[in-house]
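Scroll down for the structure; my scribbles are underneath it.
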Amino acid sequence: MEAQPNAAQLQALIIPLKNWNLILPQSLVAEVLPMPEVRLTGSDEQWFRGSIEWRGAELPLVSIDAYCFPNKDDAQQRTRRVAVLQSVGEGIEHYALEIYSIPHPLRLVESEVQVSEVDGSCELVAIHVKVSGVQGFIPNLDRIEREVVRVMA
């Protein structure tokens, strides 16, 4: 089905995580790269993986899967890529997310996005949706970034 010419559209990415799909505006993803060497930190937070080097800067590396499903976390053995995201808030400029495969581009049209009811949601999730036949979620980026800044302090 072709979108209406005047319908609001957004270039987005479907980013596969272990337990679900993340849906983000393409403009927030600075780069997707193979899993670099991770420098561990002294953090007790299992979802805060450490840091990676990206373009000469140290970026925090986080796992949404480990945050939302702490008892099912085996991401470090299976993760093969990271997505570097531009921050939407203050405190950090960029950060990296563990992802499971190459993101897929998607043109989001508001009329084609359906809100889904999902039990046991996580505070890092703003809303669960179904778009183009794919179940996923739109993250609460402010919350993710506040958590990263909190752990780094």
Side-chain angles (χ1 to χ4, degrees), residues 1-38 47-70 72-149:
M1 176 184 287
E2 198 62 33
Q4 299 296 326
N6 60 354
Q9 297 182 20
L10 175 69
Q11 291 300 111
L13 292 171
I14 297 173
I15 301 175
L17 302 181
K18 179 182 175 193
N19 294 296
W20 43 23
N21 293 301
L22 175 67
I23 299 172
L24 279 177
Q26 193 170 7
S27 61
L28 291 180
V29 180
E31 189 173 353
V32 173
L33 49 130
M35 178 58 90
E37 181 181 330
V38 178
W47 61 272
F48 189 83
R49 301 298 197 194
S51 65
I52 64 167
E53 185 175 330
W54 179 72
R55 298 183 184 178
E58 287 286 315
L59 300 184
L61 175 65
V62 299
S63 169
I64 292 176
D65 285 307
Y67 188 101
C68 294
F69 301 100
K72 297 181 183 179
D73 181 37
D74 66 351
Q76 289 176 314
Q77 290 83 28
R78 300 190 48 190
T79 303
R80 296 290 175 247
R81 299 193 190 302
V82 298
V84 176
L85 303 183
Q86 295 180 41
S87 174
V88 297
E90 296 183 22
I92 54 175
E93 201 171 315
H94 293 89
Y95 57 101
L97 288 179
E98 290 184 337
I99 63 174
Y100 282 81
S101 64
I102 297 171
H104 303 284
L106 172 72
R107 186 173 16 174
L108 279 179
V109 178
E110 186 177 358
S111 62
E112 296 175 2
V113 177
Q114 301 171 324
V115 175
S116 300
E117 295 296 323
V118 176
D119 292 336
S121 191
C122 173
E123 60 264 16
L124 300 185
V125 175
I127 189 168
H128 288 272
V129 294
K130 185 173 185 178
V131 60
S132 297
V134 176
Q135 281 292 139
F137 74 95
I138 297 170
N140 181 339
L141 295 173
D142 288 329
R143 177 64 187 256
I144 294 170
E145 292 169 18
R146 279 196 315 271
E147 287 293 308
V148 171
V149 170

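Everything numeric here is computed off the predicted structure, so don't read it as measured data.
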* **Check: Val29 and Ile15 side chains under 4.5 Å, non-hydrogen atoms** => yes
* Asked: At what distance, to the nearest 0.5 angstrom, does CD1 of Ile14 lie from CG of Leu106?
  -> 4.5 Å
* Are Leu108 and Ile23 close enough that some pair of their side-chain heavy atoms sits under 4.5 Å apart? -> yes
* Over all heavy atoms of both residues, which pair between Gly50 and Val38 is shortest? Give the atoms and the distance, please. => CA-CG1, 4.3 Å
* Trp47 and side-chain contact (heavy atoms from CB on, under 4.5 Å): which partner among Leu124, Ile64, Val148? -> Val148
* Asked: Can you check whether Leu97 reaches Val82 side chain to side chain, under 4.5 Å on heavy atoms?
  -> no
* Asked: About how many Å separate CD of Glu112 and OG of Ser132, when rounded to the nearest 0.5 Å?
  -> 6.0 Å
* **Closest non-hydrogen atom pair between Val32 and Ile99, with its separation** => CG1-CD1, 3.9 Å
* Distance, nearest 0.5 Å, that separates CD1 of Ile138 from CG of Leu22 -> 9.5 Å
* Identify the two heavy atoms, one from Ser87 and one from Glu145, that lie closest to each other, and give their separation to 0.1 Å. => OG-OE1, 2.8 Å
* Is it true that atom CG of Leu33 has more than 12 heavy atoms of other residues, nucleotides or ligands lying nearer than 6.0 Å? -> yes
* To do: Could you grab the distance from atom CZ of Arg107 to atom CG of Leu10, nearest 0.5 Å is fine?
  => 11.5 Å
* **Shortest non-hydrogen contact between Leu17 and Glu98, atoms and distance** => CD2-O, 3.4 Å
* Roughly how far, to the nearest 0.5 Å, is the NZ atom of Lys130 from the OG atom of Ser116? -> 7.0 Å
* To do: Kindly give the heavy-atom pair with the smallest separation between Arg49 and Ala66, and that separation in Å.
  => NH2-CB, 3.6 Å
* At their closest point, which heavy atom of Gln9 faces which heavy atom of Val109, and how far apart are they? -> CG-CG2, 3.8 Å
* Asked: Taking the side chain as C-beta and beyond, is there a heavy-atom pair between Glu93 and Gln86 under 4.5 Å?
  -> no
* With side chains defined as the heavy atoms from C-beta onward, is the minimum distance between Leu59 and Tyr95 less than 4.5 Å? -> no
* Asked: Taking the side chain as C-beta and beyond, is there a heavy-atom pair between Arg55 and Glu31 under 4.5 Å?
  -> yes
* **Spacing of Met35 atom CE and Arg81 atom CZ [to the nearest 0.5 Å]** => 10.5 Å
* **Cys68 side chain near Trp20 side chain, heavy-atom distance below 4.5 Å** => yes
* Asked: Does the side chain of Tyr67 reach to within under 4.5 Å of the side chain of Glu123, using non-hydrogen atoms?
  -> yes
